[in-house]
Visitor: 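Got a structure here, written out as structure tokens. Questions coming.
This is a predicted model, so every value here is computed, not measured.
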Amino acid sequence: MEESTEILERSVAAPMIFIMVVAFQLLSRHFEINKKKGSTNSEDMQLRAEIKQLLKEAGAFSQPSTFAQAAKLRRLATAKEKELAKNQEMRSKEAKLSHDAYTKGLTILQVLMYFLLIIWFWRIPVASISKQLVQPFGKMLSWRAGGPASDNVMVGIIPWLILSTRVGKSISRRIFK
């Protein structure tokens with residue numbers, strides 16, 4: 001009875017570890033993309049519209065007698081552009097601080113999860129795969145999981161985490177293009 005529960009745990013362990021690793025990779029990629037995107041604010045959109053309108057009005061004053069009015073409108077547009085740049089810089093600093101906190105927390109959680117999984121499955125095989133499927137890499141996959149059992153290669157936790165991480169990164173890149 002004890003042996004059957006160990007086999008069941010081993011058969012469920014590999015897919016569960018893979019799902020956890022892929023979830024962490026997807027979250028990491030999501031935060032990375034959100035950092036690049038930035039956000040547009042309605043206040044910024046309004047400032048851009050005002051700047052465009054002021055420059056349009058300044059361009060309409062093409063006579064020498066209206067040069068002073070055009071210069072005044074251009075100076076006003078320049079002041080609004082500086083205000084817009086200041087707002088965007090402040091918002092980007094806030095977003096960067098928030099993103100860095102989330103990323104740091106996710107990384108700490110991921111390292112902790114990997115560490116706990118390594119401790120839990122140390123010298124215990126995570127999965128068993130037929131020798132024919134992994135013929136040249138069988139020894140590498142069975143590192144710290146014990147020797148081969150009959151016609152199967154026992155997969156250790158460290159090679160499984162490395163493999164799952166690489167596949168998870170590939171999947172997350174394809175999902176979030």
Visitor: Clusters formed by hydrophobic residues whose side-chain heavy atoms approach within less than 4.5 Å: which one holds I119, and what are its other members?
Guide: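 Hydrophobic cluster check, I119: joined to F115.
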
Visitor: If you round to the nearest 0.5 Å, how far is CE of M90 from CG of N87?
Guide: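 These two atoms lie 5.5 Å from each other.
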
Visitor: In this structure, would L117 and L163 fall into the same cluster of hydrophobic residues linked by side-chain contacts under 4.5 Å?
Guide: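 Yes, one cluster joins them.
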
Visitor: Donor-acceptor check, side chain of W160 to backbone of V155, threshold 3.5 angstrom: yes or no?
Guide: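 Not confirmed, W160 side chain does not pair with V155 backbone.
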
Visitor: With heavy-atom distances below 4.5 Å as the criterion, would you say the side chains of L26 and F176 are in contact?
Guide: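 With C-beta onward as the side chain, the pair touches.
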
Visitor: Which heavy atom of F121 sits nearest to which heavy atom of A13, and what is that distance?
Guide: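 Smallest interatomic distance, heavy atoms only, reads CZ-CB, 3.6 Å.
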
Visitor: NZ of K56 to CG of L54: how many Å apart, nearest 0.5 Å?
Guide: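 Interatomic distance, K56 NZ to L54 CG, rounded to 0.5 Å: 12.0 Å.
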
Visitor: Could you tell me the separation between the CD1 atom of I118 and the CE atom of M113, rounded to the nearest 0.5 Å?
Guide: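 Here the interatomic distance stands at 9.5 Å.
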
Visitor: To the nearest 0.5 Å, what is the distance between CD on E89 and CD on E94?
Guide: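 It is 11.5 Å, given to the nearest 0.5 Å.
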
Visitor: Could you go through the side chain to side chain contact (heavy atoms under 4.5 Å, CB included) check for V167 and Q25 one step at a time?
Guide: CA-CA 9 Å; V167 171; Q25 295 300 324; over 6 Å; no

Visitor: Within the 4.5 Å heavy-atom criterion, are L47 and E81 side-chain neighbours or not?
Guide: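 They are not in side-chain contact.
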
Visitor: Distance from R74 atom CZ to F67 atom CZ, nearest 0.5 Å?
Guide: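 If we round to the nearest 0.5 Å, R74:CZ and F67:CZ are 7.5 Å apart.
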
Visitor: Table please: side-chain donor-acceptor pairs of residues 99-110 below 3.5 Å, with sequence neighbours left out.
Guide:
residue	atom	partner	partner atom	Å
H99	NE2	F31	O	3.1
H99	NE2	T103	OG1	3.3
D100	OD2	K96	NZ	3.2
T103	OG1	H99	O	2.9
T107	OG1	T103	O	2.8
Q110	NE2	Y114	OH	3.4

Visitor: Suppose we screen for salt bridge (Lys or Arg N to Asp or Glu O under 4.0 Å). Which residues come up paired with E50, at least two apart in sequence or across chains?
Guide: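 Once residues adjacent in sequence are excluded, the partners of E50 under the salt bridge (Lys or Arg N to Asp or Glu O under 4.0 Å) criterion are K80.
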
Visitor: Using the rule that Ile, Leu, Val, Met, Phe, Trp and Tyr join whenever any side-chain heavy atoms are under 4.5 Å apart, tell me whether I19 and W120 fall into a single cluster.
Guide: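 I19 does not cluster with W120.
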
Visitor: Determine whether I157 and I17 make a side-chain contact, defined as any pair of heavy atoms from C-beta on separated by less than 4.5 Å.
Guide: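 They are in side-chain contact.
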
Visitor: Do I33 and R29 come within less than 4.5 Å of each other through their side chains, counting heavy atoms only?
Guide: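 Result yes, sub-4.5 Å side-chain heavy-atom pair found.
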
Visitor: What I'd like to find out is whether the side chain of V126 reaches to under 4.5 Å of the side chain of M154, using heavy atoms alone.
Guide: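 No, their side chains stay 4.5 Å or more apart.
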
Visitor: Would you mind checking if E83 and K86 are paired as a salt bridge, meaning a charged N to carboxylate O distance below 4.0 Å?
Guide: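 Looking at E83 together with K86, the answer is no, because their closest N to O distance does not fall below 4.0 Å.
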
